[in-house]
2 protein chains.
Amino acid sequence: MTVDRGTRPTRRAVPSTRPPGEGLATADAGGAARPVPAATVARLAVYLRVLTTLLDEGRTVVSSEELAAAAGVNSAKLRKDLSHIGSSGVRGVGYEVSRLTAEVEATLGLTQPHAVALVGVGNLGHALAGYGGFAQRGFPVAALFDVDPALVGTEIGGVEVVHASEIPRVCAERGVTIGVVATPARAAQEVCDHLVAAGVRSILNFAPTVLAVPAGVEVRKVDLAVEMQVLSFHVARRHGSVPAAGPVTGTTAPTAPTPREAVTR
Amino acid sequence: MTVDRGTRPTRRAVPSTRPPGEGLATADAGGAARPVPAATVARLAVYLRVLTTLLDEGRTVVSSEELAAAAGVNSAKLRKDLSHIGSSGVRGVGYEVSRLTAEVEATLGLTQPHAVALVGVGNLGHALAGYGGFAQRGFPVAALFDVDPALVGTEIGGVEVVHASEIPRVCAERGVTIGVVATPARAAQEVCDHLVAAGVRSILNFAPTVLAVPAGVEVRKVDLAVEMQVLSFHVARRHGSVPAAGPVTGTTAPTAPTPREAVTR
DNA sequence: ATCTGTGAACATTTTCACAGCG
DNA sequence: CGCTGTGAAAATGTTCACAGAT
């Protein structure tokens with residue numbers, strides 16, 4: 001930001017000392033190549049949602065500009081992201097919606113469903129279990145666990161709650177590949193260990209703790225307190241100093257949250 | 001990764017074209033300086049949780065190494081983060097827990113409570129409203145909104161659910177500074193607009209949509225589908241190719257997830 | 001003429017490694 | 001010594017701007 005292009009110090013003539021094909025596609029511990037940058041992966045999921053909507057609307061092609069706007073990123077980033085998955089748009093035209101959708105889905109590994117185990121059917125866990133979004137999007141909730149005797153044996157969304165001690169057996173039987181931890185903080189690490197022991201290699205953690213896991217296990221964390229505190233930081237910063245620019249009727253730019261460059265420009 | 005430093009391919013005599021004190025502290029649209037990098041802010045919240053735990057345990061000092069380990073980052077990063085908030089540890093000793101806690105809280109703007117409005121008291125929203133975590137951490141839920149006549153008038157956690165059309169009035173009256181959107185996707189933008197019109201400048205969005213907001217409004221998004229799909233990507237990648245290194249009893253390195261370099265080396 | 005794909009500039013974030021305080 | 005604070009290197013991510021396909 002703050003850019004002010006136009007100045008263009010024109011430093012050109014950079015020796016370009018970069019070894020040939022390095023930069024991305026770095027190999028990982030396992031030895032498998034990772035051609036898709038982490039930051040890109042997270043955005044692919046967003047693009048996919050927009051694409052799904054477009055498909056429903058019967059759209060057949062979309063430009064990078066439009067897709068980017070709907071996803072809240074700029075078009076250059078979108079095109080670079082898509083270039084990483086080897087996608088192929090048509091110059092002068094755009095991307096074929098159905099094809100691009102399929103490519104993104106393939107990249108994200110969504111061509112097959114991933115059985116999910118949800119541990120902790122308390123306040124939040126219960127809501128997650130009842131939330132249809134999981135199954136809808138190819139993540140069927142295959143198992144529910146808790147330690148509370150009052151909950152074990154009950155059924156949520158057609159799935160019976162089983163005691164957490166059964167995690168190894170049940171996860172193995174039902175082919176669980178993704179675990180969701182929605183327990184209190186103090187129970188989270190133990191639950192996580194059981195999931196890992198059961199062969200689960202991807203975990204979504206809602207408990208406010210950092211989970212320790214062996215190499216090869218991916219943990220993603222959703223922490224409400226962290227989100228709120230980050231917002232608090234911004235409240236404190238701007239402290240009402242915002243000019244409340246224009247009629248605050250929302251609906252500014254559906255594109256990049258705001259054309260800050262235009263301001264700087 | 002993959003580094004193999006030591007090779008050091010051409011050191012590239014960088015002309016060091018950088019203007020003196022630039023790099024961080026970039027000014028923003030508003031004109032206010034932001035000395036704390038965004039990436040750091042998000043981690044401060046994590047450090048804070050660990051610090052709180054340490055306080056409860058009666059600890060008085062902690063080293064960057066230990067704090068970093070508990071927070072799941074490496075110690076260099078932690079020290080750099082803390083340096084941005086002007087913190088002051090004691091060399092050869094560590095950080096005073098209570099003092100550091102206060103400094104982090106001050107930076108995050110947690111010295112005063114932030115009234116929260118939660119819009120959408122459906123499945124997820126209800127769970128969030130009932131979740132004690134908000135109030136506990138200085139984010140009292142000051143208002144609940146929904147459009148469902150069956151919900152309006154009911155009470156959750158001592159707060160009455162009000163019709164969403166009242167957002168402007170109620171938010172103003174109760175001094176709401178943070179809004180949480182937990183509505184279905186189709187309603188999210190409109191709700192967001194109302195919140196913004198009511199003066200809310202920080203929004204946490206659980207709806208699977210990109211919200212368009214005017215400049216000066218901060219939106220953070222929690223998207224379960226995105227998280228799941230990112231995990232799916234990793235499931236697809238490692239496809240059971242993981243060597244299952246060592247006894248899978250968890251508790252590997254609480255610090256840096258794993259010394260990958262050692263492997264590559 | 002239009003819109004993708006991409007090299008290279010730029011910006012941010014992470015990591016290293018070490019000077020220097022206690 | 002042990003441990004913080006920090007310059008500087010490396011890595012990662014974003015944006016620009018344009019060549020080139022259609």
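Worth knowing before you read on, the calculation uses all heavy atoms, side chains too, and leaves out hydrogens, waters and symmetry mates.
- Between A:R79 atom CZ and D:dC16 atom P the separation is 11 Å, expressed in whole Å.
- Heavy-atom nearest nucleotides on DNA chain D were determined for A:A39 and for B:S88, and the one closer to the 5' end corresponds to B:S88.
- Look at CG on A:D81: it is 12 Å from C1' on D:dT15, rounded to the nearest Å.
- Counting to the nearest Å, the C1' atom of D:dT12 and the NE2 atom of A:H84 are 11 Å from each other.
- Atom P of nucleotide C:dT14 and atom CG of B:L78 are separated by 12 Å, given to the nearest angstrom.
- Here B:S83 does not reach the OP1 or OP2 of D:dG5: none of its side-chain N or O atoms lies under 4.0 Å away.
- Evaluation of atom-type donor-acceptor distances gives no pair under 3.5 Å for the side chain of A:R91 against the base of D:dT22.
- Of the side-chain N and O atoms in B:R43, one or more sit less than 4.0 angstrom from OP1 or OP2 of C:dT14.
- One interatomic measurement links the two molecules: NZ of B:K77 to C1' of C:dA17, which rounds to 17 Å at whole-angstrom precision.
- To the nearest 0.5 angstrom, B:E227 atom CD is 11.0 Å from A:F139 atom CZ.
- Each of A:K80 and A:V90 lies near DNA chain D, and the nucleotide nearest A:K80 is the one positioned closer to the 5' end.
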Start with the C-alpha gap between B:S232 and A:H114, add the side-chain angles, then the distance that decides, and say whether side-chain hydrogen bond (donor to acceptor under 3.5 Å, both in side chains) holds.
CA-CA 7 Å; B:S232 166; A:H114 299 275; 2.8 Å; yes

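- Under a 3.5 Å cut-off, the side chain of B:T107 and the backbone N or O of B:E103 do form a donor-acceptor pair.
- Between the CD atom of B:E66 and the P atom of D:dC3 there is a distance of 11 Å, given to the nearest Å.
- Contact check, A:S64 against C:dT4: a side-chain N or O comes under 4.0 Å of OP1 or OP2.
- Closest to the side chain of A:A76, from the set C:dG5, D:dT4, D:dC16, is D:dC16.
- For B:N74 and C:dT15, the shortest distance from a side-chain N or O to OP1 or OP2 is below 4.0 Å.
- A heavy atom lying under 4.0 Å from DNA chain D marks the following residues of residues 92-105 of chain B, by number: B:G92, B:V93, B:G94, B:Y95.
- Of the options A:D56, A:T52, A:V50, a side-chain contact (heavy atoms from CB on, under 4.5 Å) to A:L54 is made by A:V50 and by none of the others.
- We find that CG of A:L44 is positioned 13 Å from P of D:dG13, with the value rounded to whole Å.
- Sequence neighbours left out, the pairs with a member in residues 37-46 of chain B that pass salt bridge (Lys or Arg N to Asp or Glu O under 4.0 Å) are B:R43-B:D81.
- Put simply, the side chain of B:Y47 does not reach to within 4.5 Å of the side chain of B:L100, judged on heavy atoms.
- Rounded to an integer number of Å, the gap from A:E65 CD to C:dG5 P is 14 Å.
- Pairing each heavy atom of B:R99 with each of B:S88, the nearest pair is NH2-CB, 3.8 Å.
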